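Read through the structure below, which is laid out as structure tokens, and then see the notes.
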Amino acid sequence: MVQSMRETERKYEVPSPADTSWLPELERVDGVAEVVDRGPEELDAVYYDTDDLRLSGSSAVLRRRTGGTDAGWHLKLPLSGDSREEISSALTDTVPAALLDLTRSRTRGAELTPVVRIRSTRQVRHLVDADGTTRAELCVDSVRAESLRADGRHAAWNELEVELAEDADPAILDAVEKKLRKKGIARAHSPSKLVRALDETVTTPAGASERSVRPDPEQAGAQVLAYVREQIGALTALDPAVRRNRPDSVHKMRVACRRLRSCLRSYRSVLDHEATDAIRGELKWLAGELGAERDHEVLMERLSGEIEALPDELVLGPVAARLRVWNVVESTESHLRTLEALGSRRYLDLLDSLAALVEKPPLRAKAAKDAEKVMAKAVLKEYGRLAARMTDALELSPGPERDVALHEARKAAKKVRYAAEVARPALGKPAKSLGKRVKSVQQVLGDHQDSVVARDAVRDLAVAAQTAGEAGFTWGLLYGTEQARAENRERELPSVWELASAPGPREKLGG
């Protein structure tokens with residue numbers, strides 16, 4: 001069993017653990033009544049990584065630690081600012097399977113082996129308020145690091161950690177830092193003990209020093225690659241949350257897949273499509289596997305909201321109960337499908353392909369061209385496809401054929417938005433404004449498509465209810481509500497499209 005907590009801390013350089021001349025200053029921090037000595041601890045931690053240090057390269061840490069109050073396995077994943085998520089598991093001889101799974105998007109299945117041993121003699125103190133509640137923990141560490149590789153180098157240093165207590169106001173960290181600065185104590189250069197230990201004891205493994213291609217920042221290639229790296233980073237970071245079924249994580253990971261896929265399609269003039277088409281195909285596969293779970297989340301939220309909004313006299317039969325049972329079955333099956341995809345060799349191969357894409361990008365001649373011209377052309381090309389699909393869809397009569405055409409237009413609208421996202425650093429406000437206009441069209445089309453999907457689900461639920469001898473009135477009411485909602489969206493669409501396609505940002509891009 002694993003446990004998770006948010007860790008927020010800052011690290012500082014201290015010349016000697018014996019020098020505590022700065023401690024009295026901390027009793028003057030607002031809200032701190034006393035600095036309480038909690039005594040010494042001896043900590044011994046072995047850090048694990050791949051041969052080419054993929055975990056530390058993505059700011060993640062995996063260690064097996066003995067001593068102190070939290071002996072066990074710890075996986076630390078980066079959050080924003082000074083925070084990390086720490087996921088802990090009981091002390092065992094080998095890496096717990098649950099933690100191993102949470103590292104896979106970063107290790108891409110490569111073996112984890114011990115790389116560094118870090119031993120610390122720690123002096124612990126608590127900053128407590130007038131009620132005796134701990135607001136922050138101070139740890140002065142005398143650190144000894146040893147490489148566990150063939151070179152076997154050693155390093156030693158001293159440092160101070162200030163960790164925010166649970167539910168404490170983060171402002172206390174700023175107040176403590178202000179007092180420390182007055183005493184000449186500065187922030188540590190390394191974000192963690194592991195990073196410093198690797199810098200000082202580990203010889204860079206073969207291949208790790210190879211730099212990925214970094215074109216001129218003003219060139220189209222640099223800006224496309226920056227976006228690709230950002231989305232790969234998002235996909236990688238979201239993997240552990242998806243595995244643990246965290247709220248909205250599947251949606252965000254699916255969006256990262258779509259953004260990547262769309263970028264590789266829209267900017268084929270920058271990245272050779274012969275090298276990226278296979279990756280786009282695999283991203284489509286992954287988004288599809290995630291889609292079952294995400295689509296069910298959207299559908300459940302939509303239907304449960306509609307049932308809750310109905311007056312009691314219009315809810316006939318065990319409607320809510322049937323919906324809950326359906327939700328449990330469908331959500332369980334769709335999450336298992338997600339986990340199966342993330343546990344597959346195919347997924348790891350995709351991650352390897354994405355890593356290779358940014359390490360040795362297949363840049364075409366236009367990658368070296370001015371970003372503004374290349375990217376404006378790509379955005380306008382996607383806009384042209386959207387306009388053609390909108391024209392085709394609006395000319396059709398209401399019905400299944402038009403539903404399909406509107407769904408295709410919705411996908412085209414997303415591609416325009418994502419292409420504009422990539423281009424925003426180069427094109428600025430016009431790209432942002434165009435993306436905003438197109439988003440309004442996408443939202444109308446999205447609600448229409450959700451209604452199409454919802455009606456299919458309501459029909460299936462109604463059939464199941466009827467088979468069980470339950471009243472079908474409410475399900476028919478829900479079906480009619482969804483049909484009316486779709487018709488309203490279809491009536492609204494022409495005016496929304498007219499506003500989105502009016503002269504404005506598109507013309508400023510050169511269209």
Side-chain angles (χ1 to χ4, degrees), residues 231 234-235 238-239 241-262 280-309 319-320 322-344 346-347 350 389 393 400 402-415 417-418 439 441-465 475 478-479 481-483 485-486 489-490:
Q231 298 311 316
L235 191 155
L238 285 162
D239 175 290
V242 170
R243 291 177 188 272
R244 290 175 290 160
N245 211 11
R246 292 295 175 85
D248 210 32
S249 58
V250 172
H251 169 59
K252 290 178 179 177
M253 191 175 188
R254 188 187 187 192
V255 168
C257 289
R258 285 176 166 174
R259 282 180 164 140
L260 268 171
R261 184 166 172 256
S262 182
R280 287 182 57 238
E282 291 304 279
L283 287 168
K284 181 179 182 180
W285 161 76
L286 180 58
E289 296 302 295
L290 297 170
E293 187 168 359
R294 173 56 185 167
D295 290 345
H296 178 76
E297 288 175 356
V298 171
L299 186 55
M300 181 60 190
E301 183 178 348
R302 187 180 183 100
L303 295 181
S304 60
E306 289 177 356
I307 291 172
E308 289 173 8
V319 175
R322 176 164 292 282
L323 187 65
R324 284 194 297 270
V325 171
W326 172 80
N327 178 49
V328 169
V329 173
E330 293 294 326
S331 60
T332 300
E333 289 181 357
S334 60
H335 187 59
L336 288 174
R337 178 176 171 179
T338 295
L339 293 179
E340 185 178 353
L342 297 187
S344 68
R346 185 174 182 178
Y347 173 62
L350 169 59
R389 290 192 180 183
R402 192 185 206 198
D403 291 343
V404 172
L406 291 174
H407 184 44
E408 292 301 313
R410 177 197 184 192
K411 291 191 285 188
K414 284 183 181 180
K415 290 182 174 69
R417 281 187 56 219
Y418 296 152
K439 185 177 181 179
V441 178
Q442 181 191 322
Q443 287 173 331
V444 173
L445 291 168
D447 194 39
H448 180 275
Q449 175 62 18
D450 288 346
S451 176
V452 172
V453 174
R455 276 177 277 161
D456 288 341
V458 168
R459 187 188 299 110
D460 291 342
L461 285 163
V463 170
W475 298 113
L478 291 175
Y479 189 95
T481 298
E482 285 293 350
Q483 192 166 33
R485 193 166 174 177
R489 285 310 204 183
E490 288 190 40

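It should be emphasised that the depicted structure is a prediction, and the values quoted were computed from it without experimental measurement.
Looking at Ser262, its side chain never comes within 3.5 Å of a backbone N or O of Arg259 through a donor-acceptor pair. Looking only at distances, no side-chain donor or acceptor of Thr332 sits under 3.5 Å from a matching main-chain atom of Val329.
Using a cut-off of 4.0 Å between Lys/Arg side-chain N and Asp/Glu carboxylate O, Glu282 and Arg346 are scored as salt-bridged. In summary, Arg302 and Glu482 engage in a salt bridge, as defined by a charged side-chain N under 4.0 Å from a carboxylate O. Between Arg254 and Glu297, no side-chain nitrogen of the basic residue sits less than 4.0 Å from a carboxylate oxygen of the acidic one, so the salt-bridge criterion is not met.
In this structure, the separation between OH on Tyr418 and CG on Leu260 is 11.0 Å, given to the nearest 0.5 Å. Thr481 OG1 to Leu303 CG: the interatomic distance, rounded to the nearest 0.5 Å, is 10.5 Å. One distance of note links CD of Glu490 with CZ of Arg402; it measures 4.5 Å at 0.5 Å rounding. Rounded to the nearest 0.5 angstrom, Gln449 CD and Arg489 CZ are separated by 13.5 Å. How far CG of Leu299 is from CH2 of Trp326: 4.0 Å, rounded to the nearest 0.5 Å. Rounded to the nearest 0.5 Å, atoms NZ (Lys252) and CG (Leu235) are 13.5 Å apart.
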**OP:** Could you walk me through whether Leu461 and Tyr479 pass the side-chain contact (heavy atoms from CB on, under 4.5 Å) test, one step at a time?
**Re:** CA-CA 11 Å; Leu461 285 163; Tyr479 189 95; over 6 Å; no

**OP:** Go through Arg337 and Glu293 one step at a time and tell me if the side-chain contact (heavy atoms from CB on, under 4.5 Å) criterion holds.
**Re:** CA-CA 8 Å; Arg337 178 176 171 179; Glu293 187 168 359; over 6 Å; no

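Every residue meeting the side-chain contact (heavy atoms from CB on, under 4.5 Å) condition with Leu342, not counting sequence neighbours, appears here in chain and number order: Asp239, Val242, Arg243, Met253, Leu286, Thr338, Tyr347. Partners of Arg417 under the salt bridge (charged side-chain N to carboxylate O under 4.0 Å, His left out) rule, at least two apart in sequence or in another chain, do not exist in this structure.
In terms of heavy-atom proximity, Ser249 sits nearest to Ala241 at OG-O, 3.4 Å.
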If you look only at distance, which donor and acceptor atoms sit under 3.5 Å apart when one is on a side chain in residues 403-412 and the other is two or more places apart or in another chain?
from: Asp403; atom 1: OD1; to: His448; atom 2: NE2; distance (Å): 3.4
from: Glu408; atom 1: OE1; to: Arg389; atom 2: NH1; distance (Å): 3.4
from: Glu408; atom 1: OE2; to: Lys411; atom 2: NZ; distance (Å): 3.0

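Asp460 has its side chain out of reach of Arg455: every pair of non-hydrogen atoms, C-beta onward, lies at least 4.5 Å apart. Between Val453 and Asp295 the shortest side-chain heavy-atom distance does not fall below 4.5 Å.
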